[in-house]
Amino acid sequence: MQAVGAAAAFSPAVTPSPAMRRAVDSGRAFSRSCRSGRVSVSAAGYSQSEVRRVSYRPPGTEQNLLNEISLNLKEKSFGLLFGRSGSGKTTLLQLLAGLSEPTHGTICIQKYNDRGNPMGPPELLTAQRVGIVFQFPERYFLADTVLEEITFGWPRQNTDFLFREKLALKLQNAINSVGLNGISLEEDPQSLSGGFKRRLALAIQLVQTPDLLLLDEPLAGLDWKARADVVNLLKDLKKDHTILAVSHDLRELYPLVDRSWRMEMGGVLKEEALSVLRISGASKCKQNFNGEIIDFSPNSHRWNEETMSDADFCLGKGRLQEGEKVGRIWVGWGHSLI
Ligand SMILES: Nc1ncnc2c1ncn2[C@@H]1O[C@H](COP(=O)(O)OP(=O)(O)OP(=O)(O)O)[C@@H](O)[C@H]1O
């Protein structure tokens, strides 16, 4: 992560608990490689994760899955990617996470001064600088305890005290930032509630202090309470972290979103400001936006979760106005739905 996150991880205000020191000292957990904590200091200005005209064609295939994708996401902000199934959202996350290489284009971090001018050349956004939480991350938990799950892959043999102290601080910071400090580190990850499993999945990534945190469908499979819990947590995390999420849950994530992009079929990305269409529980109504007729009738073949997501959040640049009532649909820019 950038200066702030790294600084927070090593902040003198955060003192590793005796339990964490013991855990790190005893070298109980460990075999994923530990990413180095970088401290990129910029006295002023800001940095951005940038995707620059990226195209991707899987090896041995004839067709691009992504076509000249560009997006910028400023540090400590929340970006949302949405769009139809199969449009290429996960493919883009995989490129950002370094799990595959773009065929063309670059993915980098660029620092800017306060006037918005680039400061120095861009740095490659390498896999080591990105954390990714896959869909249903709890399915990939391997360890017997929360502590081992978070510290899985840490070096066992390093006896350097300062190094172990740093690891303990990073551990403490990750646990605090996701609100896992109330539970025992000896707890079995599988015994946690759905919301706490997601907290754990986030801690596993945050302990590596990534510059960019990627989330693939962070609310999928959770009940309403856990979903609200995760949304609140993400709201807190974005104060210190840069987050890009892929999700169909536009309504719930809407309050967090700073920038949003729609991935269209064929792997073309378009930035779209989210706005909310308020729906009054109409039995049937039609609205034309984006030149399209949308049928909200429950019997309509379009009445499904995905259509609702797209319909609830239509283009802000469309012809609908805030407060406008058309048929039984109201248009609003808030998230307090009727
Ligand atoms: N290695 C590959 N070779 C060929 N086609 C692929 C490969 N990987 C993905 N695809 C295809 O690329 C398209 C985009 O897939 P992707 O998983 O990125 O979509 P998505 O927008 O994330 O969908 P969903 O919302 O359902 O997760 C799909 O049609 C998929 O079958």
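Start at 1 and go down the list; that is how both ligands and their atoms are numbered. Just so it is clear, the structure is predicted and the values come from calculations on it, not from any experiment.
Salt-bridge formation is not detected for the pair K89/D216: no Lys NZ or Arg NE/NH1/NH2 atom is positioned less than 4.0 Å from an Asp or Glu carboxylate oxygen. By the 4.0 Å N-to-carboxylate-O rule, K270 lies too far from E272 to be salt-bridged with it. Ion pairing between R84 and E264 fails under the 4.0 Å rule for side-chain N and carboxylate O. Looking at E62 and R57, no side-chain N of the basic residue comes within less than 4.0 Å of a carboxylate O on the acidic one, giving no salt bridge.
Which of L93, V246, T90 comes nearest to atom 17 (O) of ligand 1 through a heavy atom is settled by distance: it is T90. For atom 26 (O) of ligand 1, the nearest non-hydrogen atom from the set G266, S85, S100, G60 comes from S85.
Within a 6.0 Å radius of NZ in K74, other residues, nucleotides and ligands contribute 12 heavy atoms or fewer.
Some N or O of G88 is nearer than 3.5 Å to an N or O of ligand 1, by distance alone. Looking at T61 next to ligand 1, no N or O pair under 3.5 Å apart turns up. In terms of polar-atom proximity, L65 is not counted as a contact of ligand 1, lacking any N or O under 3.5 Å from an N or O of the ligand.
At least one heavy atom of H248 sits less than 4.0 Å from an atom of ligand 1.
Remark: ligand 1 atoms within the under-4.0 Å shell around heavy atoms of R84 are 21 (O). The P58 neighbourhood of ligand 1 comprises atoms 1 (N), 2 (C), 3 (N), 4 (C), with distances under 4.0 Å to a heavy atom of that residue.
Under the 30°/60° scheme for interplanar angles, the aromatic rings of Y112 and Y46 are found to lie parallel.
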